[in-house]
Amino acid sequence: MKLKVITSNPGKVAEFQRMFGDLGIEMEHVKVPYDEVQTSDLEEVVRKGMDALRATGLRDFIIDDSGMFVDALKGFPGVYSAFVQKTVGNDGILTLMEGVEDRSATFKCCIGCDVDGETIIVTGECPGVILNEARGTEGFGYDPIFSPDGESSFAEIPLSEKNEISHRGNAVKLLRKELEARLRPTP
Ligand code: ITT
């Protein structure tokens with residue numbers, strides 16, 4: 001099976017390929033721009049995105065909408081995570097969090113998968129904290145300032161370790177179950 005990963009972010013494709021390679025599913029990076037609706041709900045963004053892509057005739061694809069939700073900022077940047085990352089970046093979040101005691105945050109990832117016109121939607125989460133400074137060079141996006149355990153940032157641990165506990169890793173575990181059931185030959 002081959003699935004097109006519709007994203008502008010090569011970091012996501014690498015994570016998906018690593019997490020699905022053993023199932024014999026090949027991931028192909030495809031960049032197709034589509035409008036992400038403005039809503040506070042990741043799943044709604046994904047559902048609407050899938051509808052828009054299917055309307056162009058596309059089949060057998062994955063889209064993923066993720067965000068980092070910081071408790072002390074009432075869930076910001078959340079669904080605005082991509083915009084915030086592109087504009088003020090990690091330094092902007094660190095500035096907003098200066099002197100803030102409650103540093104808890106949650107990464108969320110909603111994956112939508114089209115398999116021959118059928119819809120699968122799963123959501124994974126990863127709780128953690130916003131560090132006081134950016135650390136590490138692995139990964140992408142908010143990885144240098146997010147720590148799942150309060151010690152190492154996601155950018156300081158190998159991708160294989162991040163995948164075991166990350167929001168995307170947890171969403172993928174759910175998606176794997178769904179895809180495995182479909183790949184299993186019917187008796
Ligand atoms: P596409 O929408 O084109 O797939 P994107 O990078 O904009 O790519 P999202 O909207 O899903 O992806 O992500 C929102 C933001 O959250 C974006 O700035 C990402 O860099 C960041 N992000 C998502 N997953 C992340 C992860 O595992 N580690 C660090 N940052 C992440």
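We count ligands from 1, going down the list as the structure has it; atoms in each ligand are counted the same way. Side chains are part of it too, since the values below use all heavy atoms of this structure and drop only hydrogens, waters and symmetry mates.
- Of the charged side-chain nitrogens involved, none lies within less than 4.0 Å of a carboxylate oxygen, so that Asp41 and Arg47 do not count as a salt-bridged pair.
- Contacts of Lys12 with ligand 1, taken as heavy-atom pairs under 4.0 Å, involve the side chain alone.
- For atom 25 (C) of ligand 1, the nearest non-hydrogen atom from the set Phe140, Phe83, Tyr80 belongs to Phe140.
- Of all atoms in ligand 1, numbered sequentially from 1 with element shown, those under 4.0 Å from a heavy atom of Asn9 are 6 (O), 8 (O).
- Not a single heavy atom of Met68 lies less than 4.0 angstrom from ligand 1.
- Atoms of ligand 1 lying under 4.0 Å from at least one heavy atom of His167, given by number and element, are 24 (N), 25 (C), 26 (C), 27 (O).
- Relative ring orientation between Phe146 and Phe154 is described as tilted, the plane-to-plane angle lying within the 30° to 60° band.
- Annotation: Lys173, atom NZ; neighbour count of heavy atoms from other residues, nucleotides and ligands within 6.0 Å is above 12.
- Not counting sequence neighbours, the partners of Asn9 by the side-chain contact (heavy atoms from CB on, under 4.5 Å) test are Thr7, Lys12, Phe140.
- Note on ligand 1: Phe154 sits outside its first shell, no heavy atom being nearer than 4.0 Å.
- Of all the heavy atoms of Asp64, the ones lying under 4.0 Å from any atom of ligand 1 are found in both the backbone and the side chain.
- Ligand-side atoms of ligand 1 in range of Thr7: 1 (P), 3 (O), 4 (O), 8 (O), range being under 4.0 angstrom from any heavy atom.
- Distances between N or O atoms of Gln85 and those of ligand 1 include no value under 3.5 Å.
- Side-chain contact of Gln85 with Asn90: a donor-acceptor pair under 3.5 Å is present, judged by distance alone.
- Between Lys108 and Asp65 there is no salt bridge, since none of the side-chain N atoms of the basic residue sits less than 4.0 Å from a carboxylate O of the acidic one.
- Contact between Lys162 and ligand 1 is present, with at least one heavy atom of the residue lying under 4.0 Å from the ligand.
- Contact analysis puts Phe107 in contact with ligand 1, with a non-hydrogen atom separation below 4.0 angstrom.
- Here the closest heavy-atom approach between residue Phe20 and residue Met27 is recorded as CD1-CE, 3.3 Å.
- In this model, a donor atom of one side chain and an acceptor atom of the other lie less than 3.5 Å apart for Arg54 and Thr119.
- Geometrically, ligand 1 and Ser66 share a nitrogen or oxygen pair separated by less than 3.5 Å.
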